[in-house]
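In this text the structure is predicted, and so the values were computed from the model without any measurement. Order of listing sets the numbers, starting from 1, for every ligand and every atom in it.
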Amino acid sequence: MRIDAISIFAQYFQALDLSLLGKAQAAGIIDFKAHDLRDYTHDKHKTVDDTPYGGGAGMLMKPEPWGEAFDAILGEDVSNDADGRPVIIFTSPAGEVFKQATAHELAQRKHIVFACGRYEGIDQRVVEYAASKGEVRLISIGDYVLNGGEVAAIAMIEAIARLVPGVIGNAESLVEESHSDGLLEYPSYTKPAIWRELEVPAVLLSGNHAAIAKWRHEQQVERTRQVRPDLLNE
Ligand code: JF8
């Protein structure tokens, strides 16, 4: 799988060289590259922003550097077969909310490009232009306000990459996740059995695997009911 990210803060993506994705890159499973949008400017000041038509607060990202970045990264022409067509994700608080199901869908793709805005966002024509190069999606990581799309893209890349076969060391973790679909995790304990007078629930020390599975499922349902009742109706 190929993943590109376009941003004026390409250094953010160095976080992905750690752990998981770093190993997947070394193993050749994922080919990730962060691109500095300013490399696609031509003026002395590497300008990427300008004032909005119609007025309003703040600055917008101007279209020209984005157009050049997409041309360079995606080529002047793109394959039209559904499988190889890149998906271009604009991180946006106005997008559909990213879910585990979104991560599973995107983990099937061959090429994903993240367009990470800053300021008050990107000139809308950039979204239209990107649609001539691939499948465009506007995606948000949740209902809160960030200063730009980089942190959102990093979260999505980590969620997607760990679903790509060979990336996660522990294939069992993914199987277990798929069984506990839509519920919060049960509480977990390790040694010692008593720590600062706090005991591990006795059932976990019983060796009774059926009882343990039942207890864990009950914990999941109860936690979900208390903290995230919305998940029980999805
Ligand atoms: C941004 C560009 C976002 N969940 C989210 N909150 N805020 C953002 C976001 C994304 C892009 C830009 N400001 C300027 C905020 C996502 N995804």
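Nearest protein heavy-atom neighbour of atom 1 (C) of ligand 1: Gly148 CA, 3.7 Å. What sits closest to atom 8 (C) of ligand 1 on the protein, heavy atoms only, is Pro93 CD, 3.6 Å.
The number of heavy-atom neighbours closer than 6.0 Å to CD of Glu68, taken from other residues, nucleotides and ligands shown, is above 12. Heavy-atom neighbours of Lys23 NZ from other residues, nucleotides or ligands within 6.0 Å: at or below the threshold of 12. Within 6.0 Å of CG on Asn147 lie no more than 12 heavy atoms contributed by other residues, nucleotides or ligands. Counted within 6.0 Å of CG on Asp230, heavy atoms from surrounding residues, nucleotides or ligands total more than 12; the atom is thus considered enclosed.
If you look at Cys116 next to ligand 1, there are no close heavy atoms at all, none under 4.0 Å. Residue Arg118 touches ligand 1 through its backbone alone, judged by heavy-atom distances below 4.0 Å.
Within ligand 1, counting atoms from 1 as listed, the ones closer than 4.0 Å to a heavy atom of Ala152 are 16 (C), 17 (N). Under a 4.0 Å criterion applied to the non-hydrogen atoms of Tyr144, ligand 1 contributes the atoms 4 (N), 5 (C), 6 (N), 7 (N). Interface of Thr91 with ligand 1, defined as ligand atoms under 4.0 Å from a residue heavy atom, comprises 10 (C), 11 (C), 17 (N). Proximity to Asn147 (heavy-atom distance under 4.0 Å) selects the following atoms of ligand 1: 13 (N), 14 (C). Atom numbering of ligand 1 starts at 1 in the shown order; those under 4.0 Å from a heavy atom of Tyr119 are 13 (N), 14 (C). Close approach of ligand 1 to Ile139 (heavy-atom distance below 4.0 Å) involves ligand atoms 17 (N).
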Please determine whether side-chain contact (heavy atoms from CB on, under 4.5 Å) holds for the pair Ile8 and Met61, giving the CA-CA distance in whole Å, both sets of side-chain angles, and the decisive distance to 0.1 Å.
CA-CA 10 Å; Ile8 61 166; Met61 298 193 102; 3.8 Å; yes

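Taking 4.0 Å as the cut-off between side-chain N and carboxylate O, Arg223 and Glu185 do not count as a salt-bridged pair.
Some N or O of Ser140 is nearer than 3.5 Å to an N or O of ligand 1, by distance alone. Between Leu146 and ligand 1, at least one pair of N/O atoms sits closer than 3.5 Å. For ligand 1, one of its N or O atoms has an N or O atom of Gly142 under 3.5 Å away.
Counted by atom type alone, Asp123 and Tyr53 present zero donor-acceptor pairs between their side chains at under 3.5 Å.
Shown here are the ring-ring contact (aromatic ring centres under 6.0 Å, His included) partners of Tyr40, two or more places apart in sequence or in another chain: there are none.
Transitive grouping of hydrophobic side chains (ILVMFWY, heavy atoms separated by less than 4.5 Å) keeps Leu18 and Val151 in distinct clusters.
Under the 4.0 angstrom criterion for non-hydrogen atoms, Asp143 is not in contact with ligand 1.
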